[in-house]
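Take a look at the structure below.
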Amino acid sequence: MDRSYHIQQGTDPREEVIIGAILTQNTAWTNVEKALTNLKNAHVLSFTGILSTKEETLCQLIQPSGFFNQKAHRLRLVANALKDNLDDFFKQDIPTARSQLLNLNGIGPETADSILLYAGDLPSFVVDAYTRRLCTKLPLPVQTDSYQDIQNYFQHELTKAFPHQQVEVYKEIHALIVECAKNYCRTKPDCENCPLQGRCQEALKLRPQRLRRDVR
Ligand code: SF4
């Protein structure tokens with residue numbers, strides 16, 4: 001994130017992270033970047049900026065991120081709820097802060113955890129579609145689709161291994177999962193080059209087929 005915008009505008013960079021977490025729902029980050037740039041160019045990349053912008057204009061500015069009517073409504077809701085108390089909000093215990101976010105219409109567990117981890121620097125592991133995908137491929141004891149079960153598994157294991165670096169490690173592992181899923185574990189997986197192939201049950205299933213093909 002380019003903090004110089006916030007230094008110049010006197011705004012809080014955490015608000016940009018929260019705005020980004022809402023805009024990224026159901027879309028690629030490249031589209032979010034375009035919407036964030038529009039908000040920046042209009043000098044409204046903050047909670048007060050969002051709240052002082054007409055609904056129609058806000059929709060136009062965030063249009064590249066898709067679902068702009070819905071997202072404009074969600075941005076206003078979150079900006080209103082957090083605008084005067086962001087420091088206090090992040091000082092609460094995680095379950096309380098998380099449930100306050102989940103009570104806002106349109107904020108699900110993934111968005112709530114992204115806000116807690118990336119804006120609040122609080123140890124709340126983010127489970128996204130990429131995490132779910134890798135969980136179905138790797139022999140992890142979380143062969144379930146439940147957000148909570150997957151989150152509990154990662155938090156338990158990572159906290160055990162890195163008890164004093166939870167926030168950094170949660171961010172790093174999430175980034176590695178995204179990179180692996182984007183670069184290798186796609187619709188047509190590139191198992192041959194995937195760094196996880198030695199541990200992946202899916203790759204093990206594919207291996208005999210490849211051997212059969214190679215000896216023909
Ligand atoms: S080895 Fe293949 S199936 Fe397994 S995680 Fe990597 S790309 Fe996905």
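Atoms considered below: every heavy atom in the structure, side chains included; atoms not considered: hydrogens, waters and symmetry mates. For ligands, and for the atoms within them, numbers begin at 1 and follow the listed sequence.
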Answer yes or no for C191: is there an N/O/S atom below the 2.8 Å cut-off from atom 4 (Fe) of ligand 1? no

Checking only N/O/S atoms, does C185 have one that is under 2.8 Å from atom 8 (Fe) of ligand 1? yes

Atoms of ligand 1 less than 4.0 Å from E202 heavy atoms? 3 (S)

Any idea which atoms of ligand 1 are less than 4.0 Å away from a heavy-atom of A203? 1 (S)

So, applying side-chain hydrogen bond (donor to acceptor under 3.5 Å, both in side chains) with H174, which one of D128, D113, T131 is it? D128

Nearest-contact summary for atom 4 (Fe) of ligand 1 - protein heavy atom, Å: C200 SG, 2.3 Å

Heavy-atom nearest neighbour in the protein, as seen from atom 6 (Fe) of ligand 1, with distance rounded to 0.1 Å: C194 SG, 2.4 Å

T24, L61, D2, L23 screened by side-chain contact (heavy atoms from CB on, under 4.5 Å) with L36, the one that passes: L23

Which pairs would a plain distance check flag for residues 82-90, meaning a side-chain donor or acceptor within less than 3.5 Å of a matching protein atom at least two apart in sequence or in another chain?
{"residue": "K83", "atom": "NZ", "partner": "N80", "partner atom": "OD1", "Å": "3.4"}
{"residue": "D87", "atom": "OD1", "partner": "R14", "partner atom": "NH1", "Å": "3.1"}
{"residue": "D87", "atom": "OD1", "partner": "R14", "partner atom": "NH2", "Å": "2.8"}

Report the C-alpha separation of E168 and K171 in whole Å, then their side-chain angles, then the decisive distance to 0.1 Å, and conclude whether the salt bridge (Lys or Arg N to Asp or Glu O under 4.0 Å) test is met. CA-CA 5 Å; E168 297 79 5; K171 288 181 184 176; over 6 Å; no

Could you state whether L117 and Y147 fall into the same hydrophobic cluster, counting links through intermediate Ile, Leu, Val, Met, Phe, Trp or Tyr residues with side-chain heavy atoms under 4.5 angstrom apart? yes

